[in-house]
Colleague: 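What follows is a structure written as structure tokens; I'll ask about it next.
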Amino acid sequence: MHTAGRFDLDSPAAEIKPYGSGHINETFLVTTRNNTRYILQKISPLLTDDAEGLMKNIRAITDYLRARISDPRGVMPLIPSKDGRSFIPEASGNWRMYGFIENSVCLLPPQDDVIFYKSALAFGRFVDMLSGFPADSLLETLPDFHNTPVRFEQLHRAIRADAAGRKASVTREIDFLLEREDEAGRLQRMRDSGELPVRVTHNDTKLDNILFDRDTMEPLCVIDLDTVMPGLVLYDFGDSIRSGATTAAEDERDLDKVSLDMRRYQLYQEGFAKACKNLTPLENELLPAGAWTITAEQAARFLADYLNGDPYYHTAYPEHNLVRCRTQIKLVSEMERLLLRKDKAFYGHPSY
Ligand code: ADP
Ligand code: GN1
Ligand code: MG
């Protein structure tokens with residue numbers, strides 16, 4: 001029997017086909033004989049081997065949200081296995097099932113300004129709504145996911161190992177990032193010292209992790225909950241800016257096309273602060289630093305994966321991760337020019 005048949009579907013699966021464009025998990029659209037649709041996912045083994053803990057977090061978060069959101073399409077509907085489990089471990093990996101949120105669309109950035117503003121409201125509301133959720137009851141299933149110093153340590157390790165023999169071709173990118181390593185660790189140090197509050201955050205706030213209503217184009221549901229963990233709200237803000245307030249795709253080859261769209265930046269900031277009502281003055285002040293930090297971190301993650309021979313991110317061609325790293329580096333430069341130029345700490349860095 002196919003894995004899909006082991007879940008509690010309304011009737012047997014009639015069709016199963018690959019779906020979506022995520023970088024990590026494998027996603028399939030399942031249509032049953034009754035024409036009901038479901039989303040089947042194989043959780044990447046590189047994400048975590050604690051699928052039990054991961055699914056426990058997702059169950060707790062979705063139950064909490066369901067008690068507060070009246071729209072049944074507003075929360076990811078987990079479908080248990082026939083024997084009542086939240087995932088099925090198989091030799092091929094750990095599988096889970098969600099109900100398909102019908103009449104919804106998933107939009108890839110860059111989109112228009114109105115959509116982007118609405119995504120700020122949706123992600124801001126998500127953090128705001130979870131502010132009453134006990135953060136320490138969540139398992140840290142992906143330890144150090146946005147611990148930027150650890151991400152740079154992983155880059156150092158990848159450089160030392162040079163497993164794919166690619167180091168010599170990326171010295172410029174390595175130098176650019178390592179010059180910024182110390183500054184990139186600043187927010188994590190402020191988290192460690194207690195200056196910045198730890199909240200329940202989404203940690204992967206790309207536009208394509210929101211489903212919009214196809215008719216009204218209003219945000220319906222925040223999806224991709226694997227990374228919901230205790231974290232800094234600045235990274236949630238920043239990841240949306242990194243991925244959505246940019247003028248080009250994450251894997252654009254022509255760097256002249258890659259810049260920071262300041263109008264988008266301001267719109268997002270406005271929407272996010274409106275929806276996430278209790279940002280502290282320090283958090284408000286550090287929003288630009290959040291955008292810069294996660295973009296530098298993402299560049300380091302793509303570069304480390306490239307140096308390691310691309311084990312983590314799905315790639316379509318051999319230099320895909322390097323191309324992605326370069327767009328992030330260009331954005332880091334643009335952020336230094338447009339967002340942080342008054343901050344002395346960033347003077348003197350060569351631009352890209
Ligand atoms: P990844 O971690 O690989 O990004 P996601 O959980 O974001 O995986 O899912 C991949 C894609 O599948 C999404 O971009 C979205 O288009 C679609 N998707 C996921 N869950 C649902 C759902 N419950 N209903 C409708 N579409 C969904
Ligand atoms: C991954 O799974 P997806 O495509 O939503 C990654 C994010 C990165 C992003 C870069 C679990 O997101 O952290 O920012 O790629 N997710 C995980 O596009 O590593
Ligand atoms: Mg996703």
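Note that ligands are numbered from 1 as they come in the structure, with each ligand's atoms numbered from 1 the same way. Only this structure's heavy atoms are used, side chains among them; waters, hydrogens and symmetry mates stay out.
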Colleague: May I ask you to check if any N/O/S atom from D224 comes under 2.8 Å of the Mg ion (ligand 3)?
Modeller: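 Yes, since at least one N, O or S atom of D224 sits under 2.8 Å from the Mg ion (ligand 3).
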Colleague: For residues T295 and Q328, is any side-chain donor paired with an opposing acceptor at under 3.5 Å?
Modeller: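 No.
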Colleague: Could you check atom 12 (O) of ligand 2 against the protein and tell me its nearest heavy-atom contact, residue, atom and distance included?
Modeller: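 Going by distance alone, atom 12 (O) of ligand 2 is nearest to D204 OD2, 3.2 Å.
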Colleague: Under 6.0 Å from the six-membered ring centre of Y98 and within 45° of its axis: does the NZ or CZ of R96 meet both?
Modeller: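 Pair R96/Y98 does not count as cation-pi.
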Colleague: What's the shortest distance from atom 15 (O) of ligand 2 to any protein heavy atom, and which residue and atom give it?
Modeller: H23 CD2, 3.4 Å
Colleague: If hydrophobic clusters are built by linking Ile, Leu, Val, Met, Phe, Trp and Tyr wherever their side-chain heavy atoms come under 4.5 Å apart, do L260 and L267 end up in the same one?
Modeller: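 Different clusters.
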Colleague: Which is it for E297 and ligand 2 at heavy atoms under 4.0 Å: side chain, backbone, both or neither?
Modeller: neither
Colleague: On a heavy-atom basis, I'd like to know which of H314, E250, R324 is closest to atom 10 (C) of ligand 2.
Modeller: E250
Colleague: Salt-bridge test for R189 and D182: reply yes if a basic N is under 4.0 Å from a carboxylate O, no otherwise.
Modeller: yes
Colleague: May I ask you to check whether D310 and T315 show a side-chain donor-acceptor distance below 3.5 Å?
Modeller: no
Colleague: So, E250 and T327: side-chain donor and acceptor under 3.5 Å apart, yes or no?
Modeller: no
Colleague: Hey, which atoms in ligand 2 end up nearer than 4.0 Å to a heavy atom of F145?
Modeller: 11 (C), 13 (O), 17 (C), 19 (O)
Colleague: Give a yes-or-no answer on whether the side chains of T32 and D10 include a donor-acceptor pair shorter than 3.5 Å.
Modeller: yes
Colleague: With Q154, which residues qualify under side chain to side chain contact (heavy atoms under 4.5 Å, CB included), at least two apart?
Modeller: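 Partners of Q154 by the side chain to side chain contact (heavy atoms under 4.5 Å, CB included) criterion, ordered by chain and then number, come out as V150, R151, R157.
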Colleague: Test R301 against Y313 for side-chain hydrogen bond (donor to acceptor under 3.5 Å, both in side chains), laying out the working first.
Modeller: CA-CA 10 Å; R301 290 176 65 192; Y313 294 104; 3.0 Å; yes
Colleague: Return the closest protein heavy atom for atom 17 (C) of ligand 2 as residue, atom name and distance.
Modeller: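 That would be Y312 OH, 3.3 Å.
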Colleague: Do the side chains of R199 and N278 get nearer than 4.5 Å, heavy atoms only?
Modeller: yes
Colleague: Which bit of D224 is near ligand 2, meaning a heavy atom under 4.0 Å away: side chain, backbone, both or neither?
Modeller: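 Contact part for D224 vs ligand 2: side chain (C-beta onward).
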Colleague: Taking a 3.5 Å cut-off between nitrogen or oxygen atoms, can you list every pair linking ligand 1 to the protein, with distances?
Modeller:
residue, atom, partner, partner atom, Å
ligand 1, 2 (O), N25, ND2, 3.3
ligand 1, 2 (O), D224, OD1, 3.2
ligand 1, 2 (O), D224, OD2, 3.0
ligand 1, 4 (O), D224, OD2, 3.0
ligand 1, 6 (O), Q41, NE2, 3.0
ligand 1, 7 (O), N209, OD1, 3.1
ligand 1, 7 (O), D224, OD2, 3.0
ligand 1, 8 (O), Q41, NE2, 3.3
ligand 1, 9 (O), Q41, NE2, 3.3
ligand 1, 23 (N), G99, O, 3.0
ligand 1, 24 (N), I101, N, 2.8

Colleague: Taking distance alone, with N or O pairs closer than 3.5 Å, would you say K206 contacts ligand 2?
Modeller: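 Right, the criterion is met.
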Colleague: Please report whether the ring centroid of F237 lies less than 6.0 Å from that of Y268.
Modeller: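 Distance test on ring centres: under 6.0 Å, yes.
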Colleague: Restricting to N/O/S atoms, is N25 within less than 2.8 Å of the Mg ion (ligand 3) or not?
Modeller: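 Of the N, O and S atoms in N25, none lies under 2.8 Å from the Mg ion (ligand 3), which means no.
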Colleague: Could you see which bit of L142 sits under 4.0 Å from ligand 2, with heavy atoms only: side chain, backbone, both or neither?
Modeller: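 For L142, there is no contact with ligand 2 at all, from either part.
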Colleague: Under 4.0 Å, heavy-atom basis, I'd like to know which part of D208 is in contact with ligand 2: side chain, backbone, both or neither.
Modeller: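 Contact part for D208 vs ligand 2: neither.
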Colleague: Under 3.5 Å, is there a donor-acceptor pair linking the side chains of T148 and Q188?
Modeller: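 The criterion, which ignores hydrogens and geometry beyond distance, is not satisfied for Q188 and T148.
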Colleague: For atom 1 (C) of ligand 2, which protein heavy atom lies nearest, and how many Å away is it?
Modeller: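 Closest protein heavy atom to atom 1 (C) of ligand 2: I24 CG1, 3.7 Å.
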Colleague: Starting from atom 13 (O) of ligand 2, what is the nearest protein heavy atom, named by residue and atom, and what distance separates them?
Modeller: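 Its nearest protein heavy-atom neighbour is R301 NH1, 2.9 Å.
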Colleague: Answer with side chain, backbone, both or neither: which part of Q298 has a heavy atom less than 4.0 angstrom from an atom of ligand 2?
Modeller: side chain
Colleague: When you compare the side chain of S11 with that of T36, does any pair of heavy atoms fall below 4.5 Å?
Modeller: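 No, too far: nothing below the 4.5 Å cut-off.
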Colleague: Just jot down the ligand 2 atoms closer than 4.0 angstrom to any heavy atom of R242, in number order.
Modeller: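 In order of number, 10 (C), 14 (O), 18 (O).
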